[in-house]
Amino acid sequence: MTSRSENTYMMPANNYGKLAIVIALIGILLSTFGFVKDPGQFFHSYLVAYVFWVTISLGALFFLLMHHVTGAFWSVSLRHVVESIVATIPLMAILWIPIGFGIHDLYHWSHESVMASDKLLAAKAPYLNTTFFVIRTLIYFIIWGFISYKLRSLSKRTKSNNDILSMRKVSAVGTVFYALTVSFAMFDWLMSLDPHWYSTIYGVYLFGGAYLNGIAMVILVIAALKSLNLLTTEVTSEHYQDLGKLLFGFVVFWAYISASQYFLIWYGNIPEETIWFKRRWEGTWKAFSLSMIAVGFIVPFFALMFRAAKRNLVFLSSICLLLFVAHWMDMYWNVMPGFHRGNVSLSWIDLSTMVALGGLFFWTVWRSLASRSLIPLNDPYLNKSISHKNF
Amino acid sequence: MGNPVNMTNHKPKQSADSSAGAIIEETPLIAGNHTFSSITEKISGVIEGPTPKMWWVLFSFSVSLLLILVGSVGFLIWEGTGIWGLNSPVGWGWAIVNFVFWVGIGHAGTLISAVLHLFRQKWRTSINRFAEAMTIFAVICALLFPTIHVGRIWVLYWFFPIPNQMSMWPNFRSPLLWDVFAVSIYFTVSLLFWYVGLVPDIATLRDRAKTRGKKIIYGILSLGWRGANRHWRHYELGYLILAGLSTPLVLSVHSVVSTDFATSIIPGWHTTIFPPYFVAGAIFSGFAMVMTLAIIARKAFGMEEFITVNHLEKMAKIIMVTGLMVGYAYSIEFFIAWYSGNDYERFTFINRALGPYAWAYWIMVSCNVIIPQFFWSKKLRTNVTVLFILSIFVNIGMWFERFVIITSSLSRDYLPSSWDYYSPSIWDIATFVGSFGLFFTLFLLFLRFLPMISMAEVKGVLPQADPHHPMYQKSGEAHENK
């Protein structure tokens, strides 16, 4: 085994972090102005941006969990990159606070008068009430925070097989909690926007998008590091190809799950369910819905089919950016039709909140990357991962 | 695997070091210091040797069960579906339960051969052959049930979109028609996949055959395979393409089966999670069946060195994961039924847990959710006896899952005046038991006439299949400059 020194794998000083925080500050400034001007729009835009970024951190967390549970070695040299994305979870907990303040603007069920006058909603009151909603969110973040903290601290001192096995154990149990908390978080934050509507697959559907874009974020962070001439030999086209395969698989998974949801509701044709899709089929929403299929499925599906496409980082990154567009559309499509009935109505606050949260997100990722070596130097699988080949 | 040479930066012929966890799990995939020739001897020996007495005993028993099937299906065709326990709200009884049960069992074979192949899981090589065989036989059993359920079996061809003078066209919006397509495509692709994988092994049997009859039959079936480099290249590519084609089928077939229920508006059936939930359940039940059969076969034919405890443990893990997915679906369904605020939805689930079919519901929950939790313990999931017993529980649980879904929802739907309790007739039971006869008859014939473990693929995961193996260091300089 070749020995690698810590210093050569530390990220050299660069401006990416500063750039991110400057962009974040501009975004925050504009968004604050947006909040003053139009709180209703602000909170909805904020929720779209928030779920966009939080699902990416959660997707990366799932990537990490699967890495450990399956005992994968090919992704060892990516592990610190993945962990740096997972490091945004505490930030996401803090960034949830504005949603707590916007609860009356966002969620109809938070108004007691509405609940009392509606028989169906009254039946849900034990679950859909402000106190329990906040408590649940707190529980989700405690669980996610604990899993990610535990995995990151174990990862820091990974030297032997025993360390790897203990990460595997944490991940196995963590995955069970992850599945339940992510589903319920999505029921709470997104599905309850339309408190009458329900769909059992909803948690799986948002998980699919989350994991897909978590993978995409891993690829983009690698691309950013490569642009600084880092990880030149440690992450190779073999890794891109495997990441690309995962990406391809989950493009299909996301499409499969969302199509299942749509299809069964369309076929059943029960008004209390179809209303949700009807809102997304009115006016310009129809074009929006259809273009989401093209951007989120058709284009990436064909683009990622080719081996050469998956092995070219520039091409792969541009597909990831396209998937981010699709993911943003997906989140927008989940949140906004209840607020902007009839037609899509884009606002500059949609952009400013995305930029604000995105800047903070990247700043956190970058700080985490700078805090230690870019690859887990003492991991016994590192060499195996670096020399990994697809067949 | 496990030899120090693999640690260096090179590309072995079949990337033998690419299975996950090689450093932690030092245990080689194949135990007992086998060589290429000893593998051939061992696996072909089962087919070439004299028929064991036990085989005849089991075969006679299976054929007897098969005769029960023939008898009960014959009577059904003569008399009509009235001989079953079906009643007015419960128009789908055991026949559809059995259909879904058998289709589900089939899924493990495809998952092992296709998905695990794409995931570079080398351990699949010891179990894929008979898991694929199991898939095909299970799908045959599955196809039987809707076929006989239509009542007028002689007009079955109406299912197919064949132009005819009556201008009869199947209803393309009916999920039952999708089943026809989905399951028959699945059967065709699985059969092809299985057969393609068999070709090199059949050629081995042809070369070893002593009688003229065997030479001719195996000769025809092996399609002129000579093991040439070109043959292998085409084979590997063809296998990969079939794996790629089969992977979506793993998801699509059971998703389509789930739409038989989910496209209706019956509470407990109409729920959006059904497609992925059915797929997870299918893999869950299929792996349990593979486990049951693998444990019997390895014992009966002394294949413990090929199907090691390591293999069984990995299967146990998949059973646990898919069991958790099924448990997730049960809980989410229950929660959303409550969350919907819809009285009918809520009633259906309370009725399942506490109503007249509560016994079946709790069998389902115990077998599918509680039992697999034992696999968290390494001690239990490496104990062959425990694995055998638990895998049978899972088989039972998954049959009950379909029973609960079908019967409890139908027997108490919207109108209390039309409620009725369903219980099977003797013919339902005879047909179900008989289907096991069909399954095991086919399976025993397979064990007798075809190699139950893929010789060619198992050889590929031996350490000496790696051209850089120390064994070749003295003589084989030729490999270095490839």
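Below, chains carry the letters A, B, ... as their sequence lines are ordered, and counting in each starts from 1.
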Chain B contact via [X] - which portion, at a heavy-atom distance below 4.5 Å:
{"X": "Ser192(A)", "value": "both"}
{"X": "Asn269(A)", "value": "neither"}
{"X": "Lys169(A)", "value": "neither"}
{"X": "Trp197(A)", "value": "backbone"}
{"X": "Leu128(A)", "value": "side chain"}
{"X": "Ala122(A)", "value": "neither"}

Would you say that more than 12 heavy atoms from the other residues, nucleotides or ligands in this model lie under 6.0 Å from the [atom1] of [X], or not?
{"X": "Glu112(A)", "atom1": "CD", "value": "no"}
{"X": "Phe177(A)", "atom1": "CZ", "value": "no"}
{"X": "His108(A)", "atom1": "NE2", "value": "no"}
{"X": "Leu121(A)", "atom1": "CG", "value": "yes"}
{"X": "Tyr344(B)", "atom1": "OH", "value": "no"}

Distance (rounded to the nearest 0.5 Å) between [X] [atom1] and [Y] [atom2]:
{"X": "Lys124(A)", "Y": "Ser340(B)", "atom1": "NZ", "atom2": "OG", "answer": "6.5 Å"}
{"X": "Thr263(B)", "Y": "Ile265(A)", "atom1": "OG1", "atom2": "CD1", "answer": "13.0 Å"}
{"X": "Asp343(B)", "Y": "Lys119(A)", "atom1": "CG", "atom2": "NZ", "answer": "4.5 Å"}

Do Tyr277(B) and Val204(A) have side chains that get closer than 4.5 Å, going by heavy atoms? no
If you define the side chain from C-beta out and look only at heavy atoms, does anything of Leu264(A) sit under 4.5 Å from Pro275(B)? yes
Shortest non-hydrogen separation from Thr200(A) to Ile332(B) and the atoms involved: O-CG2, 3.4 Å
One option among Val176(A), Ile386(A), Asp242(A) has the most heavy-atom pairs under 4.5 Å with chain B, and it is Asp242(A)
Of all the residues in residues 248-260 of chain A, which have a heavy atom that comes within less than 4.5 Å of a heavy atom in chain B? Tyr256(A), Ile257(A), Ser260(A)
Under 4.5 Å heavy-atom distance to chain A, tell me which part of Tyr339(B) shows up: side chain, backbone, both or neither. both
Assess the residue pair Glu272(A) and Asn342(B) against the criterion (side chain to side chain contact (heavy atoms under 4.5 Å, CB included)); give the C-alpha distance rounded to whole Å, side-chain angles, the decisive distance to 0.1 Å, and a yes or no. CA-CA 10 Å; Glu272(A) 62 180 0; Asn342(B) 179 324; 3.0 Å; yes
Looking only at side-chain N and O atoms, does Thr272(B) offer a donor or acceptor that is under 3.5 Å from a partner on Tyr205(A)? no
Scored by heavy-atom pairs under 4.5 Å with chain A, the best of Ile336(B), Thr259(B), Ile265(B) is Ile336(B)
The test is side chain to side chain contact (heavy atoms under 4.5 Å, CB included); show your working for Arg173(B) and Tyr267(A) and say whether it passes. CA-CA 9 Å; Arg173(B) 277 195 176 187; Tyr267(A) 202 115; 4.2 Å; yes
Tell me if the centroids of the rings in Trp178(B) and Phe263(A) come within less than 6.0 Å of each other. yes
is_close_aromatic(Phe184(A), Phe335(B)), centroid dist under 6.0 Å: yes
Apply ring pair (Phe, Tyr, Trp, His ring centres under 6.0 Å) to Trp338(B) and list each qualifying residue two or more places apart in sequence or on a separate chain. none
